[in-house]
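Report on the following structure.
All figures in this text were calculated on a predicted structure; none of them were measured in a lab.
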Amino acid sequence: MLLIREIMYCKPGKVRPVVEKFLAMSKLSQKSGMPRMRVMTDVCAERYWTIVSEMEVGSIAEFERMMQGDSQNSEDAKEFEKIMKGYHELVEYGRREIYKIEE
């Protein structure tokens with residue numbers, strides 16, 4: 001099992017719009033059979049205006065299929081594009097972390 005963590009550093013005052021986009025994206029993704037995404041905002045972080053989203057997947061191959069949109073129909077893909085429109089104007093930069101869950 002892998003934990004995929006997306007860390008986004010928002011522009012000042014732009015955290016709430018990004019959170020709303022991520023929550024809407026999570027809801028749409030679950031409808032397409034993808035795992036639940038947890039969305040978190042910083043209380044105390046290395047940098048202000050940080051958002052972290054994370055989800056668990058079975059393998060890198062599963063994650064790659066999800067990133068290619070294999071589980072989405074064309075209607076969901078259009079909705080995803082609509083949700084994420086303007087996203088780059090809200091975020092300064094981000095990074096992805098992938099962890100193997102040791103149980």
Check for me, please, whether [X] and [Y] land in the same ILVMFWY cluster - side-chain distances under 4.5 Å, paths through other members count.
X	Y	result
Ile4	Tyr9	no
Val19	Phe80	yes
Leu2	Met66	yes
Met37	Ile7	no
Val52	Phe63	no

Side-chain contact test, heavy atoms from C-beta onward, threshold under 4.5 Å: evaluate it for [X] versus [Y] and give yes or no.
X	Y	result
Cys10	Leu90	no
Glu20	Arg16	yes
Val57	Leu3	no
Lys14	Val91	no
Met8	Tyr93	no
Thr41	Thr50	no

Closest approach of [X] to [Y] (non-hydrogen atoms, all atoms of both residues):
X	Y	value
Arg36	Met55	O-CB, 3.5 Å
Pro12	Glu92	CD-OE2, 4.1 Å
Trp49	Gly13	NE1-N, 3.9 Å

Determine whether a donor-acceptor pair (N or O, by modelled atom type, separation under 3.5 Å) exists between the side chain of [X] and the backbone of [Y].
X	Y	answer
Asp42	Tyr48	no
Ser29	Met25	yes
Glu79	Glu75	no
Lys31	Ser26	no

Show your reasoning for whether salt bridge (Lys or Arg N to Asp or Glu O under 4.0 Å) applies to Glu54 and Arg96. CA-CA 10 Å; Glu54 61 183 29; Arg96 176 178 293 139; over 6 Å; no

Could you state the interatomic distance from CE (Met40) to OG (Ser53), rounded to the nearest 0.5 Å?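 Rounded to the nearest 0.5 Å, the CE-OG separation comes out at 7.5 Å.
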
Nearest-0.5 Å distance, CD of residue Glu6 to CD1 of residue Ile98: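 Atom-to-atom, Glu6:CD and Ile98:CD1 are 8.0 Å apart.
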
Using only heavy-atom distances, determine whether the side chains of Tyr87 and Glu89 contain a donor-acceptor pair under 3.5 Å.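 Looking only at side-chain atoms, Glu89 and Tyr87 do not form any donor-acceptor pair under 3.5 Å.
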
Does NZ belonging to Lys11 count more than 12 external heavy atoms closer than 6.0 Å?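 Yes, enclosed.
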
